Amino acid sequence: MNDLFEKAPIPKAYMQLALPVVLGMVASMIYNLADTFFVAQTGNADLVAGIALGSPLFTFMLAVGDIFGLGGSAVISRALGKHDYQQSARVSSFCFYVAIALSIVLTVLLLIFEAPILNLLGATDATRPYIADFYRVLVLGSTFIIVSLVPGNIIRTEGLAQFSMIATISGTVLTIILDPMFLFGLHWGASGVAFANVLGFAVNTGLLIIFMRRAKSLSLAPRQAHVSRPAFKAVVAVGIPASLTNLTQSFGMMLLNSYLAAYGAQAVAAMGIVQKIYMVVMMVMVGFAFGAQPLVGYNYGAKNWQRLRAILRYDLKIEGGYAFVCAVILIIFTPQLIKLFMAQTAIVTMGTVMLRAMLITTPLVGFILVFTTVFQSVGAGTSALIMALSRQAVLLGLAIVILAQLFGLNGIIWAQPVADVLTCLIGWYLYRRAFRNVQFNH
C-alpha cells in the first residue's frame, strides 16, 4: 500500500485509485438513465414528476452517510500517511456503528413527519400519491443506503477501490434488473422503483462488509468503536461540510422544482430528465475527484508537499479536460438525448434549453469538485463548509429568486450556470490560500 501512495508514478497511482470509483459511478449513472427511461415509458408525467420530486430524499440519505463515510475516510487517510494504524482501526469501526444508529433514528423521524416533508418536497394533488409511495419505501430501507457510504469510502483509503467498485456495480446491476420487473411486471409504480433501490443498496452494503475483512489497517469490530474527542471533531469537521454538499444539492433541487412547478408538471419532468442526463458527466467527474482523495490525504499526512502539489495539478487537468470534451459532445446531441426519454414536444423543447445551459459551465464544476475534495482531504473544514454552502444553497438560491423575477422560466434555467461561475471563483481563491497555508509549493 505504501508504495502505491508514496512512490508509484502519479498517473498510475491516481488511475489505480480513481478508475474503480469512476466505474462504480458509471454503473450508478447507467442505472439512473435506465430508471428514468423505464419510468418515462409509462407516459405518466405525474409519475415522472413524483419520483423527480422525491429525489432530494435519496440525496439527503447519501448526505447523512457522507458525514461518517467521507469524514472518516479523510481522517483515516491522514492517519495512514502518519502510519498510525491504531487510529485508522478505531475511526473506521466508530464511523460504521454511528452510521447504523443515526440511520435508525432518522427512519423513525422521517416516518413521523411524512406529511410536512412531502409538502416541503413540493408534492401537489397530482403527484402526491406517487411521491408518497416512493418516500415510504425509501425511508424504510434508509439504513442500507446510509450505512453503505461508510465502508464504501473508508475501504479506498487502503487502496482497495476495486472492492468498493465490485460492491457498487453488483448492487446497481440488481437494481436495473428489478426496476422494470417491479414497475411493469408487478405494477408497483413508484414504490417498486424505491424497493429496487433499497434491495440494490442492501446487496452493496453486505458485500462491502465482507470485503472489509481484507483491509489490514481498518476494522468493523465493535470493541474498536471508540475515538478521542479530537478524532471525532476531525471526522465531523470534514464530514459535515461533505454532507452539506449533498444536503444543499437537495435544497437546490427542491427550490428549483418548486419554481418550475409554476410552469406545470412538464417543466418539472423535463428538468428531472435533464438532471439524469447531466449525471453522465457529473458522476465520472465525482468519481475522479473522490477517487483521488485517499492519495491527497495520505501525502498530506506524510507531509510530502512536492508529490501532493503534482497530484493536485494532475487532478485539475483530468477534471477540466474530461468535462470540456463531454460537454461539447452532449451540447451537440441534446435534443436527440431528450427524445430518447420522452418525445413530447414541450418537454424536448424545455429540456434542450435546460441541459445546454447546465453543460456550458461543466468544466468549472470539475474545478469546484477538485477544490472541495482537497479541502476535505486535508481537513480544511471551514473552506469545505464555504464550498458546500455556496454552489447549491446560497448562490443558487439567490440566483433562482433574482433571475426568476427578472427573466421568468429562462431565469430559473440559467440560475445554475451563474451559481457555478461564482462558486468556482470562490473555490479558486480558497484553494490558493490553502496552498500558502499548508506550504504545498515548498
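The structure presented is a predicted model; accordingly, all values stated were derived computationally and were not measured.
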Quiz question: by atom type and distance under 3.5 Å, do the side chains of N119 and R128 form a donor-acceptor pair? yes
What's the shortest heavy-atom distance between P363 and G320, and which atoms? CB-O, 4.3 Å
When you look at F341 and V39, which way does the side chain to side chain contact (heavy atoms under 4.5 Å, CB included) test go after all the steps? CA-CA 9 Å; F341 295 93; V39 175; over 6 Å; no
Would Y85 and I76 count as a side chain to side chain contact (heavy atoms under 4.5 Å, CB included) here? Give the steps. CA-CA 9 Å; Y85 303 121; I76 291 167; over 6 Å; no
Would you name the heavy atoms of L312 and V374 that are closest together and state the gap between them? CD2-CG2, 3.3 Å
Check A234 against R78 and note the closest heavy-atom contact, atom names and distance. CB-NH2, 4.3 Å
Main-chain N/O of A289 paired with E319 side-chain donor or acceptor, under 3.5 Å: yes
Can you tell me how far CG of L220 sits from CZ of F96, rounded to the nearest 0.5 angstrom? 5.0 Å
For the CZ atom on F232, are there more than 12 heavy atoms of other groups (residues, nucleotides or ligands in this structure) within a distance under 6.0 Å? no
Got more than 12 heavy atoms from elsewhere within 6.0 Å of CZ, F144? no
I'd like to know whether V21 forms a side chain to side chain contact (heavy atoms under 4.5 Å, CB included) with S164, so could you lay out the CA-CA distance, the side-chain angles of the two residues, the decisive distance to 0.1 Å, and finally the verdict. CA-CA 7 Å; V21 183; S164 182; over 6 Å; no
Give a yes or no on whether the backbone of A221 and the side-chain of S93 come within a donor-acceptor separation of less than 3.5 Å. yes
side-chain hydrogen bond (donor to acceptor under 3.5 Å, both in side chains) pairs touching residues 130-146, sequence neighbours excluded, are N44-Y130, S103-T143, T107-S142, E114-R136
Any side-chain heavy-atom pair of M285 and T362 under 4.5 Å: yes
Could you list the residues that satisfy side-chain contact (heavy atoms from CB on, under 4.5 Å) with L340, not counting sequence neighbours? L337
If you define the side chain from C-beta out and look only at heavy atoms, does anything of L256 sit under 4.5 Å from Q275? yes
Do W428 and F367 have side chains that approach each other closer than 4.5 Å (heavy atoms only, starting at C-beta)? no
Checking N299 side chain against L295 main chain: does a donor-acceptor pair fall under 3.5 Å? yes
Taking A74's backbone N and O only, do any of them form a donor-acceptor pair with Q376's side chain (distance below 3.5 Å, no angle check)? no
Show, in sequence, the C-alpha distance, side-chain angles and deciding distance for Q416 and Q392, and conclude whether the side-chain hydrogen bond (donor to acceptor under 3.5 Å, both in side chains) test is met. CA-CA 8 Å; Q416 184 67 73; Q392 294 296 106; 2.9 Å; yes
Starting at CG of L218, measure out to CE of M212 and round the result to the nearest 0.5 Å. 5.0 Å
May I have all residue pairs that pass side-chain hydrogen bond (donor to acceptor under 3.5 Å, both in side chains) and include part of residues 189-198, sequence neighbours excluded? Y31-N197
Answer yes or no: is there a donor N or O on one side and an acceptor on the other, between the side chain of S77 and the main chain of Y298, under 3.5 Å? no
Of T373, L17, D315, T157, the residue whose pairing with Q293 passes side-chain contact (heavy atoms from CB on, under 4.5 Å): T373
Correct closest heavy-atom pair for A89 and S92 would be O-OG, 2.8 Å
Would you find a donor on one side and an acceptor on the other, under 3.5 Å apart, between the side chain of T372 and the backbone of I368? yes
Roughly how far, to the nearest 0.5 Å, is CD of Q87 from OG of S228? 6.0 Å
Apply the test side chain to side chain contact (heavy atoms under 4.5 Å, CB included) to residues T205 and I145: give CA-CA distance (whole Å), side-chain angles for both, the deciding distance (0.1 Å), then the verdict. CA-CA 8 Å; T205 304; I145 298 170; over 6 Å; no
I need the minimum non-hydrogen distance between Y97 and A225, along with the two atoms involved. CD1-CB, 3.9 Å
Side-chain H-bond candidate by donor/acceptor type, Q86 with Q224, under 3.5 Å: no
Does atom CZ of F184 have more than 12 heavy-atom neighbours, drawn from other residues, nucleotides or ligands, at distances under 6.0 Å? yes
Can you measure from CD1 (I67) to SG (C95) and round to the nearest 0.5 angstrom? 10.5 Å
In Å and rounded to the nearest 0.5 Å, what is the CG to CD1 distance from L102 to I100? 11.0 Å
Residues which pass ring-ring contact (aromatic ring centres under 6.0 Å, His included) with Y14, listed by chain and number, not counting sequence neighbours: Y314
Side-chain heavy atoms of R156 within contact of F290, under 4.5 Å: yes
Taking the six-membered ring where the residue is Trp, are the ring centres of F201 and F58 under 6.0 Å apart? yes
I154 side, atom CD1; S88 side, atom OG - distance, nearest 0.5 Å: 9.5 Å
Set of salt bridge (Lys or Arg N to Asp or Glu O under 4.0 Å) partners for D420, sequence neighbours left out: R391
Quick one: closest heavy-atom pair of T175 and G200, and the distance? OG1-CA, 3.3 Å
Report yes if some heavy atom in the side chain of Y259 is under 4.5 Å from a heavy atom in the side chain of V401; otherwise report no. yes
Heavy atoms, side chains only, cut-off 4.5 Å: are I117 and L57 in contact? no
Could you pull out all residues at least two apart from M165 that satisfy side-chain contact (heavy atoms from CB on, under 4.5 Å)? P20, L23, I169
Contact between V421 and T361 at the side-chain level, heavy atoms closer than 4.5 Å - yes or no? yes
Give a yes or no on whether the backbone of L70 and the side-chain of S73 come within a donor-acceptor separation of less than 3.5 Å. yes
Sub-4.5 Å side-chain heavy-atom contact between F288 and M15: yes
